[in-house]
Amino acid sequence: MKPFSMMLSMLAIGITSSAAMAEGASSLPNVSPANSDLVNRGAYIARAADCVACHREDYTGGVAIETPMGDIYATNITPSKRYGIGNYTEADLKKALQKGRAPDHMIYPAMPYPSYHGMKDEDISALFAYLQTVPAVDEEPENETDLPFPFNIRSLMFFWNILNVPSYENREGLTEVQQRGEYLTNNLEHCGTCHTPRDGTMGADNSKYLAGAQLGNWYAPNITPDEASGIGSWSEQDIVTYLRSGELDQRVYAGGPMGEVVAHSTRYLTDEDLGAIAAYLKVVPAVATENKVQPVDTSRLPLPINESITHDLLAQDDYLTQAKAGVDASSPEGLYLDVCGSCHGVNGYGQPDAGYAPIVGLTSLRRDEPNTLVNVILHGAEGATNTRPNMPGFADELSSQQIADITNYVRTSFGGVASSDVSADYIDNVAAGVDQRPFLIKYAGVLAILGIIAVLALIGFIIWNMMRKRRHH
Ligand code: HEC
Ligand code: HEC
Ligand code: HEC
C-alpha cells in the first residue's frame, strides 16, 4: 500500500528539511544584535508564552479556536493602527494579558489570559517593546468571531473572570529555580490549559492540576510525577530533551498538539529555563489517574533484526518482502507489514537514520487508553522540528476493524503489553470524539465560556424566584 518510491521521496524531504534546520537550530528567529536588549527579551517572552500558536508567526492572527458556540478567531496583534494593536499603550497590553480586557471590549478566554494573569510587569514591558517592532500588517482578518446570543455579550465574561481568574496560586516553599519553573509553566507557557482538566465552570480543576485532560480527539497526558500514570519515571534531563526536540527515543514522540508547542515555543527556550520547568514538574503534587502506562516488560519486546539491516533501506525492503510472503495479508500482522512496515520496519525498529521512528516500547503503545496511538494512525503525526518526515494518517484508507487489528498487533508485539482488545467501536469513538466529556474541543480552556450559561441561569433563577415570592405576597 505504501510504495517504496513514496518512502524514498519522503526520505528526501526529511533530508532537505534537516539540512535547513541545522543552520538555525535553536536560535530565536526574531532576535538580532540590531535590536535593543529589551526587544530581544520581548521576542523571547513571545516564544515562551507561545503567542504565535494562535496569532501566527507574523502575528496577523486568524487561527480559529473551536468552541461549541462557534469559532473564536485570534486577532491581528501587529502594530497596524486599523486592524492590529497599533493604538495600544503598554498599560493596554498589560490589561489585555492580565485581565482579559481590550480597550473597548472584554476578551474571551480562548486567549489564555487566566494564565497570563501572573505575567510579570517587566516581561510585559519587553513584550510590548518587541511587538512594536513586528511589521504592521494592514489587512482585514479573513474571519471574525461571531458567536450567537448570549455569548456575543462580551461583558458577561466579567462573571466568569470572578470565578476563574487567576488559574493558579503560587506555591510556597519552592527554590528559586522551581519558582522560575512555576512561572514558566503556569504563567508563560500555560501548560495547564491543555494538561489540567476543567471543573464545572470550565475553569481549571486544580485538584487535578496537570493530571491530564481530553483535548479534542487528542489526550494531553498526566504530567505530574505519579509513577504509573504520570511522568514520575522521567528524569529532569528526559523532560528537557523532550521539550527541546519533541522526542525521547524509545519512549515518546510529540506528534500532535504537543508537537506544535515544541515547534513554536519550547525548543527556543534556554537550557536554564527548560531545566527550571523540569525541576518544577518534579515537585508538583503527584496525582494518580486511571489512564496508566504499563511498565515496559523488556522480555516481551522484539529484538532488532540486525543493526546493518535496520540502517539499510534496500535490505530493509527485502526483509519486508520476505516477511510479507509468510503471512496472510488480511491478518493483523499482514496489515501492519503492508501499511506500516515500510517505515517502521518488520519488527517496529524503523530506520532511525532516515528519521523513521522506532516505535518499540513507546508509552503511546503501553497506555491503558490507547487513544493517542489510535489518533496517530487516524491522523498521522508531524515531527516537531521538521527534521523527520511526517507520518500520513490512514482514516480514509483503513476500516475501523483494520485499525483496531493494527492497534492490537502493535501494542502486544512492540509495546510489550500482555493483551489488547481494542474494538472497531472504540476506534469509531476516538475518531468521533464520542467517549469524551461533553464539550471537548481543541483548546479546552475556551470551554470556560460555558460558565456564562451557568451564571445566566443563576441570575434568571434568582429573578424568577423573587417575582414568584412577590406574587405570593
Ligand atoms: C491559545 C490561543 C492564544 C494564545 C496562546 C494567545 N492569544 Fe491573544 N488572543 C487569542 C484570541 C482567540 C483572541 C481574540 C479573543 C476575542 O475575540 O475575544 C486574542 C486576543 C488578543 C488581544 C486583544 C486584541 C484586540 O482585539 O484588541 C491581544 C492584545 C492579544 N491576544 C495578545 C496576545 C499575546 C501578546 C500573546 C502571547 C503572550 C497571546 N495573545 C497569546 C488567542 C490567543
Ligand atoms: C496545546 C495543548 C498543549 C500545551 C499548551 C502543552 N501540551 Fe504537553 N501535550 C499535549 C498533548 C496533546 C500531548 C500528547 C502528545 C502529542 O500531542 O504529541 C502532550 C504531551 C506532553 C508530554 C509527554 C507525556 C507522555 O507521557 O507522553 C509532556 C512531558 C508534556 N506534554 C509536557 C508539557 C509541558 C511542560 C507544557 C508546557 C511547557 C505542555 N506540555 C504544554 C498538549 C499540550
Ligand atoms: C510514510 C512513513 C510512515 C508510515 C507508513 C507509518 N508511519 Fe508511523 N511514524 C512515521 C514517522 C516519520 C513518525 C515520527 C513522527 C515524529 O517524529 O513525531 C511516526 C510515528 C509513529 C508513532 C509514534 C507516535 C507517538 O506519539 O507515540 C507510532 C505509534 C506510529 N508511527 C505507528 C504507526 C502505525 C501503527 C502505522 C501503520 C498504520 C504507521 N505508523 C505508518 C512514519 C510512518
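Just so you know, ligand 1 is whichever comes first in the structure, and atom 1 is the first atom listed for that ligand. Any value given below was found using the heavy atoms of this structure, including those in side chains, with hydrogens, waters and symmetry copies removed.
- Side-chain contact between Glu290 and Ser229 is absent, with no heavy atoms from C-beta onward closer than 4.5 Å.
- Residue contacts to atom 8 (Fe) of ligand 1: His55 brings an N, O or S atom closer than 2.8 Å.
- Restricting His195 to its N/O/S atoms, the shortest distance to atom 8 (Fe) of ligand 2 is reached by NE2.
- Heavy atoms of Leu373 found under 4.0 angstrom from ligand 3 belong exclusively to the side chain.
- Using cut-offs of 30° and 60° on the angle between ring planes, the pair Tyr336 and Tyr409 is tilted.
- Within the 4.0 Å heavy-atom cutoff, Val252 does not count among the residues contacting ligand 3.
- The closest approach of His344 to atom 8 (Fe) of ligand 3, by N/O/S atoms, is made by NE2.
- Residue Phe394 approaches ligand 3 through these ligand atoms, each under 4.0 Å from one of its heavy atoms: 5 (C), 38 (C), 41 (C).
- Taking 4.0 Å as the cut-off, Gly259 does not count as a neighbour of ligand 3 on heavy-atom distance.
- Considering backbone and side-chain N/O atoms, Gly256 comes within less than 3.5 Å of an N/O atom of ligand 2.
- Between Trp234 and ligand 2, no N or O atom pair is found at a separation short of 3.5 Å.
- Here is the list of ligand 3 atoms found below 4.0 Å of a heavy atom in Leu362: 23 (C), 27 (O).
- Residue-to-ligand polar distances place Pro257 within reach of ligand 2: an N/O pair is separated by less than 3.5 Å.
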